[in-house]
Chemist: 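Structure provided below as structure tokens; questions to follow.
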Amino acid sequence: MVDKQLWVKKQEIDFFNQARGFASPEQLFYKDNIGRYLAYWPKGYKGIKTTLQSRNSLIGNFTEKWTTNLIQEVVKEKGLYAVQDAICDEIALTNMSPADVVISKNKSINQTPEDIILIFEVKMSVVWNWEFSDSSNTLTCLGDFKSHQGNPGLLRSDSMLKAIGKSINIRVSSYKSSTIPIVVIGNTPITDSYYSKVDHLKTSGIIQGFWSVNPKPLDNNGENIKHTQNDGFLRFDTFEELKLKVHDLLSQEQNFFSSMKSKQEIGKIIEIANKKPNYKEKAEEFLRLIKE
DNA sequence: GTCTTGACATCCGACGATTT
DNA sequence: AAATCGTCGGATGTCAAGAC
């Protein structure tokens, strides 16, 4: 039973059906003024609203597990593992704030920086609006995210900032994290005010990508971004496309480096590093010196 | 006047530490 | 051992101010 689908409406139906096993409709849906169970408040709804919190951790858990399974399929032929909630204190992945998903050489929850090959931060939401019927136990899709009041996933600026903050925390925790790519994975596009930011984050080496695994976030072929200019954001349309990109990222060894130094100091470092006989050793010397 | 944005608010469950 | 308290991270609502 290998599911190689990306995030489509079926995944959200699966989520609600699975959650219905142990949660009441009231814990999963809003109830509007005429008694309908709704995933989000539709745009233009003017009746009395309530605020639902009980669904948050459920969808969070579901999407992290779903992503782990998806990534497992991507890397299994390479003999690697997708590990959910991975802990590695050395690079700020603690018990209380683990990595949502990592690709690793081993499948244990407790990881060493040397084994971790890629870190995924998952930020996914319920994207579409749904109406649930208790009597017939069915779900009806009411529309895409433009039709409801919620702002799902990476379309929220504070979700973006949270993901960026966590990534920087990992980057500054230890130089041991400097060779591990970090990717934020979501199921929505990003807003255009973040297009240049994600490209800068990629160029500067902090975050290697913001990826959406939702091929068609909008109904009726609604236009949505495929990628930003420098590919800081990517939308994946098929499982194969995702697999290629992950393998591509795994095949190149990259180093993150940063500092705040005067041109004098930087010039000196370059001069010293340049005395090494080849590019690889020049680079190693440079990286060694810049973090002193 | 309506839509979008960004900062702030909210509540839940899991967990660790502290108190009973 | 059980109860209590505080903290955290999960997603999403709220609302004033800005953008159109």
Side-chain angles (χ1 to χ4, degrees), chain A residues 7 11-12 15-16 18-19 21-33 37-68 84-89 92-102 109-110 119-130 132 142-170 173 182 184-198 210 212-214 217-218 222-225:
Chain A
W7 191 268
Q11 319 310 335
E12 300 195 0
F15 162 68
F16 285 115
Q18 185 188 313
F22 48 86
S24 66
E26 283 76 13
Q27 290 175 304
L28 295 171
F29 300 96
Y30 299 99
K31 206 166 185 180
D32 76 359
N33 50 7
Y37 287 114
L38 303 172
Y40 286 104
W41 299 112
K43 268 188 187 164
Y45 175 77
K46 294 282 195 272
I48 292 181
K49 293 192 279 188
T50 52
T51 300
L52 187 63
Q53 309 286 354
S54 41
R55 194 175 73 205
N56 297 350
S57 58
L58 297 176
I59 184 68
N61 283 336
F62 182 89
T63 55
E64 285 170 26
K65 185 153 189 27
W66 178 83
T67 304
T68 307
Q84 189 179 351
D85 291 336
I87 296 171
C88 181
D89 287 323
L93 302 173
T94 59
N95 188 31
M96 283 304 288
S97 184
D100 292 340
V101 183
V102 302
I109 292 288
N110 289 299
I119 297 172
F120 285 109
E121 172 71 12
V122 179
K123 284 254 172 282
M124 296 194 197
S125 298
V126 173
V127 179
W128 282 273
N129 198 10
W130 299 91
F132 172 70
L142 297 180
D144 61 35
F145 66 80
K146 292 200 169 178
S147 76
H148 60 69
Q149 296 184 15
N151 212 9
L154 294 175
L155 288 166
R156 293 179 65 101
S157 61
D158 46 3
S159 293
M160 292 291 285
L161 291 171
K162 215 165 172 179
I164 295 167
K166 184 160 176 180
S167 304
I168 290 181
N169 193 32
I170 295 169
S173 63
I182 300 175
V184 179
I185 192 159
N187 57 2
T188 67
I190 60 175
T191 64
D192 52 9
S193 56
Y194 272 85
Y195 290 176
S196 64
K197 267 175 263 207
V198 298
F210 289 77
S212 169
V213 289
N214 187 340
L218 290 170
E223 188 156 338
N224 69 97
I225 185 169

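Chain A is the first sequence line, chain B the second, and so forth, proteins listed ahead of strands; every chain is numbered from 1.
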Chemist: Consider the side chain of A/D158, meaning its heavy atoms from C-beta on, and name the nucleotide among C/dG13, B/dC8, C/dG10 that approaches it most closely.
Modeler: B/dC8

Chemist: May I ask you to evaluate whether A/S97 reaches the phosphate of C/dC8, defined as a side-chain N or O under 4.0 Å from OP1 or OP2?
Modeler: no

Chemist: Looking only at side-chain atoms of A/K43, point me to the closest of B/dT4, C/dT12, C/dA11.
Modeler: B/dT4

Chemist: Taking only side-chain N and O atoms of A/R55, does any of them lie within less than 4.0 angstrom of OP1 or OP2 on C/dT12?
Modeler: yes

Chemist: Regarding A/W130 and A/E12, is there a side-chain donor-to-acceptor distance under 3.5 Å anywhere?
Modeler: yes

Chemist: Establish, with yes or no, whether the OP1 or OP2 oxygen of C/dT12 is under 4.0 angstrom from a side-chain nitrogen or oxygen of A/S125.
Modeler: yes

Chemist: Pick base, sugar-phosphate or nothing for A/Y30, based on heavy-atom distances below 4.0 Å to the nucleic acid.
Modeler: sugar-phosphate

Chemist: Can A/R156 be said to sit on top of A/F145's aromatic six-ring, NZ or CZ under 6.0 Å from centre and within 45° of the ring axis?
Modeler: no

Chemist: Closest-nucleotide mapping onto DNA chain C: is A/Q149 or A/G60 further toward the 5' terminus? I mean the 5' end.
Modeler: A/G60

Chemist: Here's a test of your reading of the structure: between A/S193 and A/N56, which maps to the more 5' nucleotide of DNA chain B?
Modeler: A/S193

Chemist: Nearest whole Å is fine: how far is B/dT4 P from A/M160 CE?
Modeler: 18 Å

Chemist: Quick one: A/L52 CG to B/dC11 C1', roughly how many Å, whole number?
Modeler: 10 Å

Chemist: Rounded to whole angstroms, how far apart are NE2 on A/H148 and C1' on C/dT12?
Modeler: 11 Å

Chemist: For a quick test of reading the model: is some side-chain N or O of A/K49 closer than 4.0 Å to OP1 or OP2 of C/dT14?
Modeler: yes

Chemist: Please check: side-chain N/O of A/N187 versus main-chain N/O of A/S125, any donor-acceptor pairing under 3.5 Å?
Modeler: yes

Chemist: When the distance from CG of A/N95 to C1' of C/dG9 is rounded to whole Å, what number comes out?
Modeler: 13 Å

Chemist: Do side-chain atoms of A/K31 reach the backbone of A/E26 as a donor and acceptor pair under 3.5 angstrom?
Modeler: no

Chemist: Nearest whole angstrom, please: distance from the P of B/dT5 to the CG of A/L161.
Modeler: 14 Å

Chemist: A/D85 has an atom CG; how far is it from atom C1' of B/dG13, in whole Å?
Modeler: 14 Å

Chemist: Return the nearest nucleotide to the side chain of A/R156; candidates are B/dC8, C/dG9, B/dG6.
Modeler: B/dC8

Chemist: Do A/T188 side-chain atoms and A/L154 backbone N/O form a donor-acceptor pair below 3.5 Å?
Modeler: yes

Chemist: When the distance from NZ of A/K197 to C1' of B/dG6 is rounded to whole Å, what number comes out?
Modeler: 10 Å

Chemist: Would you say C/dG9 has OP1 or OP2 under 4.0 Å from some side-chain N or O of A/K162?
Modeler: no

Chemist: Considering heavy-atom distances to DNA chain B, does A/Q53 or A/M96 have its closest nucleotide positioned more toward the 5' end?
Modeler: A/Q53

Chemist: Check the distance between B/dC3's P and A/Y45's OH and give it to me in whole angstrom.
Modeler: 18 Å

